[in-house]
Enquirer: 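Just passing along the structure, written as structure tokens.
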Amino acid sequence: MDPTLAPDFIPPSQDSTKLFHSRPFSAKPGTLHNPKVFLSSSDDNPFPLKSAMDLEEIPTGIIRQATVLEDYRFADHLLTPLVDETKEPLVIVACGSFSPVTYLHLRIFEMALDNIRESTNYEVIGGYYSPVSDNYRKPGLALAQHRVRMCELACERTRYNETLIEIEIDRSSSWLMVDAWESLQGQYTRTAVVLDHFDHEINEVRGGTKTKNGDFRKVKIMLLAGGDLIESMGEPDVWADEDLHHILGRYGCLIVERTGSDVWGFLLAHDILYKHRKNVVVIKQLIYNDISSTKVRLFIRRGMSVEYLLPNSVIRYITKNKLYLSPERVKYIL
């Protein structure tokens, strides 16, 4: 059977750029494939599942984060009750530019989750991206509304259920969310204040998390960051000492080591970090991943492919909104 004759066939976009290599099929943004069309390879379908259904680029249509502070609502739809009452409930928060969000930004959450399950007495009940506001004034920073939206797209996934022969919506292991509060502030917001915001929303407004017997337990909030962030904590005039004591003492930090970095050596050399070392969890990358947003932006400006560096939904959003095409001065990074 000629696939172009299928009733729900959608031809590839005529506006595609070098961000994608050519493909037999492509779904328009916001369009859901009919699951009855070419779900698997067969005599009637010469194309395998991968080319017939590019699942991750299909938005799910969930409620989005607000674009103005007056409409803001804290996202809690994926927070889960505590299952093991012998463990301490934990929410992980990643603060950053996410311009754009990459697979490494997704991957560090999974690395943190593995480490926590293996080496700590915490039970993760949710994870959040908190993009910075436009007032951060960092080179290459797309508008906050774009960065929030790309993070939302990156958190979304689809799952194919072979029994029901339909597409079910899933979202990045059903635990990652995006919070736009920081991005909507009229000024740059310190990380210590952002963590206070999450503590307020989860533990004060919502009373923590429920246990199986219906009681409420206070949730621990921890910052998730790369080795470059922890190293910046040792640079003069970058972080206030009181903020470091507040972040590391009250909340704690999950640090993902980058290639060639020595986080423990750095903790040993820094007085404040060493004081709070028991509240710092160092996560070693077992498979090194050095994808950086800076490199991605550079590739886009040079007309190079960024496929397999970002979720397809994020690539399509960048293409549609013509992001990262303006000149940007960068250091030699390759």
Enquirer: Indicate yes or no for a side-chain donor-acceptor contact from Glu152 to the backbone of Gln65 under 3.5 Å, with no hydrogens or angles considered.
Expert: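 Yes, Glu152 side chain to Gln65 backbone: donor-acceptor pair under 3.5 Å.
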Enquirer: Between Arg277 and Tyr274 (side chain of the first, backbone of the second, donor and acceptor by atom type, cut-off under 3.5 Å), is there such a pair?
Expert: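 Here the side-chain-to-backbone pair exists.
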Enquirer: Determine whether a donor-acceptor pair (N or O, by modelled atom type, separation under 3.5 Å) exists between the side chain of Asn203 and the backbone of Lys218.
Expert: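 Not a single qualifying donor-acceptor pair exists.
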Enquirer: Please examine the side chains of Val101 and Leu310, heavy atoms only from C-beta on, and report whether any two atoms are closer than 4.5 Å.
Expert: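 No, side chains not in contact.
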Enquirer: Hey, would you say the Phe98 and His105 ring centroids sit under 6.0 Å apart?
Expert: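 Yes, they do, as the ring centres are separated by less than 6.0 Å.
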Enquirer: Just checking Asn121: does its CG atom have more than 12 heavy atoms from other residues, nucleotides or ligands closer to it than 6.0 angstrom?
Expert: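 Enclosed: over 12 neighbouring heavy atoms sit under 6.0 Å from CG of Asn121.
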Enquirer: If you count the non-hydrogen atoms of other residues, nucleotides and ligands that lie under 6.0 Å from OH in Tyr188, is the total more than 12?
Expert: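 Buried by this count: over 12 neighbours within 6.0 Å.
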Enquirer: Just to verify, which of Leu323, Ile318, Thr319 counts as forming a side-chain contact (heavy atoms from CB on, under 4.5 Å) with Asn321?
Expert: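 With Asn321 as partner, side-chain contact (heavy atoms from CB on, under 4.5 Å) holds for just one option, Leu323.
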Enquirer: I would like to know whether Thr191 and Asp243 meet side-chain contact (heavy atoms from CB on, under 4.5 Å); could you show each step before the answer?
Expert: CA-CA 8 Å; Thr191 301; Asp243 277 1; over 6 Å; no
Enquirer: Taking atom CG of Leu223 and atom CG of Leu254, what is their separation to the nearest 0.5 Å?
Expert: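 The CG atom of Leu223 sits 8.0 Å away from the CG atom of Leu254.
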Enquirer: For side-chain contact (heavy atoms from CB on, under 4.5 Å), just list the numbers for Thr102 and Leu309, CA-CA rounded to whole Å, side-chain angles, deciding distance to a tenth of an Å, and then say yes or no.
Expert: CA-CA 6 Å; Thr102 72; Leu309 299 177; 6.0 Å; no
Enquirer: What I want to check is whether the side chains of Tyr122 and Asn115 have a donor and an acceptor closer together than 3.5 Å.
Expert: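 Side chains of Tyr122 and Asn115: no pair found under 3.5 Å.
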Enquirer: Can you name the closest pair of heavy atoms from Val256 and Met111 and give their distance?
Expert: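 Of all heavy-atom pairs spanning Val256 and Met111, the closest is CG1-CE, 3.8 Å.
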Enquirer: Can you confirm whether Val205 sits close enough to His200 that some side-chain heavy atom of one is under 4.5 Å from a side-chain heavy atom of the other?
Expert: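 Yes, side chains in contact.
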Enquirer: Can you check side-chain contact (heavy atoms from CB on, under 4.5 Å) on Trp175 and Leu113, steps first, answer last?
Expert: CA-CA 11 Å; Trp175 69 290; Leu113 186 62; 4.0 Å; yes
Enquirer: What's the shortest heavy-atom distance between Ala154 and Leu106, and which atoms?
Expert: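 The pair with the smallest heavy-atom distance is O-CD2, 3.6 Å.
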Enquirer: Do you know the tightest heavy-atom contact between Ala66 and Ala180?
Expert: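 Scanning both residues, the minimum pair turns out to be O-CB, 4.0 Å.
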Enquirer: Do other residues, nucleotides or ligands put more than 12 heavy atoms under 6.0 Å from the CD atom of Glu204?
Expert: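 Yes, enclosed.
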Enquirer: CD1 of Ile247 to CG of Asp196: how many Å apart, nearest 0.5 Å?
Expert: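 The distance works out to 9.0 Å.
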Enquirer: With a cut-off of 3.5 Å and sequence neighbours excluded, list every side-chain donor-acceptor pair involving residues 139-147.
Expert:
from, atom 1, to, atom 2, distance (Å)
His146, ND1, Tyr317, OH, 2.7
Arg147, NE, Ala142, O, 2.6
Arg147, NH1, Ser97, O, 3.1
Arg147, NH1, Val132, O, 2.9
Arg147, NH2, Val132, O, 2.9
Arg147, NH2, Asp134, OD1, 3.3

Enquirer: Between Glu182 and Cys95, which heavy-atom pair has the shortest distance, and what is it?
Expert: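 Smallest heavy-atom distance, with atoms named: OE1-SG, 4.1 Å.
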Enquirer: In terms of hydrophobic clustering (I, L, V, M, F, W, Y; side-chain heavy atoms under 4.5 Å; direct or indirect links), are Val282 and Val93 co-clustered?
Expert: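 As far as the 4.5 Å side-chain criterion goes, Val93 and Val282 are connected within one cluster.
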Enquirer: To the nearest 0.5 angstrom, please state how far the OH atom of Tyr103 sits from the CD atom of Glu110.
Expert: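 Spacing of OH (Tyr103) from CD (Glu110) equals 13.0 Å.
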Enquirer: Using modelled atom types and a 3.5 Å cut-off, is there a donor and acceptor pairing between side-chain atoms of Arg301 and backbone atoms of Tyr324?
Expert: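 No, because the side chain of Arg301 does not come within donor-acceptor range (under 3.5 Å) of the backbone of Tyr324.
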Enquirer: Determine the minimum heavy-atom distance between Val314 and Pro100, stating which atoms define it.
Expert: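 Taking every non-hydrogen atom into account, CG1-CB, 4.4 Å.
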Enquirer: SG of Cys151 to OH of Tyr128: how many Å apart, nearest 0.5 Å?
Expert: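 Between Cys151 SG and Tyr128 OH, I get 14.0 Å after rounding to 0.5 Å.
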Enquirer: Contact between Ile300 and Leu325 at the side-chain level, heavy atoms closer than 4.5 Å - yes or no?
Expert: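 They are in side-chain contact.
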Enquirer: Using the rule that two of Ile, Leu, Val, Met, Phe, Trp, Tyr join whenever any of their side-chain heavy atoms come within less than 4.5 Å, decide whether Leu79 and Val83 are in one cluster.
Expert: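 No, Leu79 does not connect to Val83 through the hydrophobic network.
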Enquirer: Return yes if some donor-acceptor pair links the side-chain N/O of Asn279 with the main-chain N/O of Arg250 below 3.5 Å, else return no.
Expert: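 Here the side-chain-to-backbone pair does not exist.
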Enquirer: Should Tyr72 and Asp179 be marked as a side-chain contact (heavy atoms from CB on, under 4.5 Å) after you check the CA-CA gap, both sets of side-chain angles, and the distance that decides it?
Expert: CA-CA 9 Å; Tyr72 167 78; Asp179 182 69; 2.5 Å; yes
Enquirer: Run the salt bridge (Lys or Arg N to Asp or Glu O under 4.0 Å) test against Arg73 and tell me which residues pass, sequence neighbours left out.
Expert: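 None.
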Enquirer: Given 3.5 Å as the limit, does a donor-acceptor pair link the side chain of Lys220 with the main chain of Pro89, or not?
Expert: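 Judged by distance alone, no pair lies under 3.5 Å.
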Enquirer: What distance separates Thr209 OG1 from Leu90 CG, expressed to the nearest 0.5 Å?
Expert: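 Going from OG1 on Thr209 over to CG on Leu90, the span is 11.5 Å.
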Enquirer: Please find the pair of heavy atoms, one from Met177 and one from Gly126, that lie closest to each other, and give the distance.
Expert: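 So the minimum-distance heavy-atom pair works out to CE-CA, 4.4 Å.
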Enquirer: What is the distance from atom CG of Leu69 to atom CH2 of Trp181, rounded to the nearest 0.5 Å?
Expert: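 Reported to 0.5 Å precision, the distance equals 8.5 Å.
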Enquirer: Strictly by salt bridge (Lys or Arg N to Asp or Glu O under 4.0 Å), give each pair with a member in residues 81-96 just once, sequence neighbours left out.
Expert: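 Listed once each, the pairs would be none.
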